[in-house]
Amino acid sequence: MISSDLHEAVRLLSAGKLVGMPTETVYGLAANALDPVAVARIFEAKNRPAFDPLIVHIGQRAELAQLVTHLPAEAEALMQAFWPGPLTLVLPKTEAVPDLVTSGLPHVAVRMPRHPLALRLLQSLPFPLAAPSANPFGYVSPTTAQHVMDQLADQVGFVLDGGPCQVGLESTVVGFRSDRAIILRQGGIPQEAIEEVLGHAVDSQTSQSRPDAPGQMDSHYAPHRTIHLLEHGTRPTDVAKESWISFAPHAEAMASLAPDGSVATAAQRLFGVLRHLDQQPGGPVWIEKAPEIGLGRAVNDRLMRAAHRA
Ligand code: TXA
Ligand code: MG
């Protein structure tokens with residue numbers, strides 16, 4: 001069921017059950033991060049391979065001490081700037097974090113979401129929440145409570161409704177090499193904003209060929225219809241109106257990713273557009289990429305994975 005009953009969510013999570021939870025990025029499938037049996041239920045429900053580690057969500061800074069053993073100065077600066085918000089930090093883990101959460105890695109991914117209901121939920125619980133995006137493994141992430149129910153109703157009895165997600169795609173994941181930040185997944189905090197806080201350029205290693213962020217398959221967010229990408233500013237030739245989604249509105253396109261032409265709007269709408277396409281019958285679809293700036297990087301990253309055929 002879809003509900004805004006916070007107390008019921010607290011009760012279920014305290015009993016080791018799974019709950020769909022809103023965040024500002026996408027909906028998560030949450031369980032007690034410190035309970036390996038509850039965490040195992042997440043992998044089972046999503047049909048997620050055990051080599052793909054989970055993000056641990058916290059409601060206050062004080063919880064970090066229980067989870068991580070070392071905080072690089074750059075991590076501290078990024079937390080100051082972007083928490084609560086769509087930024088995940090990968091840090092050396094304590095023994096309190098079950099190996100299943102990190103897929104056996106010595107590091108744990110931690111984030112503090114800024115969605116008010118998510119924060120209230122986390123602050124009402126005596127433990128942090130492990131939560132991947134609440135979609136079957138390899139499919140598009142959910143940006144409404146209904147999306148979660150559409151695909152995981154049999155596995156998740158309860159979704160806490162926090163309305164449509166404001167950011168619309170997942171958090172930026174940042175790891176550290178010799179205490180220097182490196183972007184492992186483009187997401188809701190733009191690379192430029194991170195570089196501005198740190199005062200230097202930051203590497204981005206987000207392909208599957210880098211094992212640093214396991215679980216980032218080149219093929220992901222895979223709709224059933226074939227997707228072809230168009231470079232930003234280009235249009236397809238000899239393609240019917242029904243098969244073309246432009247970036248900004250175009251009279252000859254079926255729809256646009258960003259009716260107002262902004263990358264933030266494209267980010268917010270992207271997964272809903274992919275889902276909608278999948279519900280329509282039809283052949284291949286051509287989608288114009290975003291400009292490769294700000295949130296456009298994350299939009300293009302998700303589009304490339306959606307278009308990738310294994
Ligand atoms: O916005 C988000 O991050 C959403 C919401 C629910 O918080 N969560 C999310 O989780 O996107 P998920 O499981 O779909 O993606 C988490 C990704 C993993 O695939 C992996 O790339 C990276 O985060 N990750 C998690 N733990 C890691 C670790 N210990 N080391 C390196 N990368 C890690
Ligand atoms: Mg995911």
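Note that ligands are numbered from 1 as they come in the structure, with each ligand's atoms numbered from 1 the same way. For this chain, numbers begin at 1 and follow the sequence in order.
The pair Arg11-Glu8 meets the salt-bridge criterion, with a side-chain N (NZ, NE, NH1 or NH2) lying under 4.0 Å from an Asp/Glu carboxylate O. The residues Arg297 and Asp301 are annotated as not salt-bridged, no charged nitrogen and carboxylate oxygen being separated by less than 4.0 angstrom. Using a cutoff of 4.0 Å between basic side-chain nitrogens and carboxylate oxygens, Lys241 and Glu252 are not scored as salt-bridged.
Of all heavy-atom pairs spanning Ile287 and Leu257, the tightest one is CG2-CD1, 4.1 Å. Minimum heavy-atom separation, Ser171 to Thr88: OG-OG1, 2.7 Å.
Using a 4.0 Å cut-off to heavy atoms of His107, the atoms of ligand 1 that qualify are 29 (N). For ligand 1, the atoms closer than 4.0 angstrom to any heavy atom of Asp52 are 18 (C), 19 (O). Close contacts between ligand 1 and Thr25 involve ligand atoms 1 (O), 2 (C), 4 (C), 5 (C) [criterion: under 4.0 Å to a heavy atom]. Each of the atoms 1 (O), 2 (C), 3 (O) of ligand 1 lies under 4.0 Å from some heavy atom of Ser171. Counting atoms of ligand 1 from 1 in the listed order, those under 4.0 Å from a heavy atom of Ser133 are 8 (N), 9 (C), 10 (O), 12 (P), 14 (O). Taking a cut-off of under 4.0 Å to the non-hydrogen atoms of Pro132, the atoms of ligand 1 that pass are 10 (O), 12 (P), 13 (O). Near Pro53, the atoms of ligand 1 lying under 4.0 angstrom from a non-hydrogen atom of the residue are 18 (C), 24 (N), 25 (C), 26 (N), 27 (C), 28 (C), 33 (C).
Only backbone heavy atoms of Leu54 (N, CA, C or O) come within less than 4.0 Å of ligand 1; its side chain stays farther off. Contact annotation for Met21 and ligand 1: no heavy atom of the residue comes within less than 4.0 Å of the ligand.
Using a 4.5 Å heavy-atom threshold, the side chains of Leu105 and Val90 count as separate. Side chains of Met112 and Arg61 form a contact here, defined as non-hydrogen atoms less than 4.5 Å apart. Within the 4.5 Å cutoff, the side chain of Phe271 has heavy atoms near those of the Glu170 side chain. Between Val110 and Trp83 there is a side-chain heavy-atom pair separated by less than 4.5 Å.
Compare Pro22, Gly28, Ala131, Gly20 by their heavy atoms: the one nearest to atom 8 (N) of ligand 1 is in Ala131.
Using a 4.5 Å cut-off between side-chain heavy atoms of Ile, Leu, Val, Met, Phe, Trp and Tyr, with links allowed through other members, Leu274 and Val167 fall into different hydrophobic clusters.
Within the 4.0 Å heavy-atom cutoff, Arg48 counts among the residues contacting ligand 1. Heavy atoms of Arg111 approach ligand 1 to within less than 4.0 angstrom.
Among the backbone and side-chain atoms of Ser133, an N, O or S atom lies under 2.8 Å from the Mg ion (ligand 2).
In terms of polar-atom proximity, Tyr27 is not counted as a contact of ligand 1, lacking any N or O under 3.5 Å from an N or O of the ligand. For a threshold of 3.5 Å applied to N or O pairs, the pair formed by Lys46 and ligand 1 contains no separation below that value.
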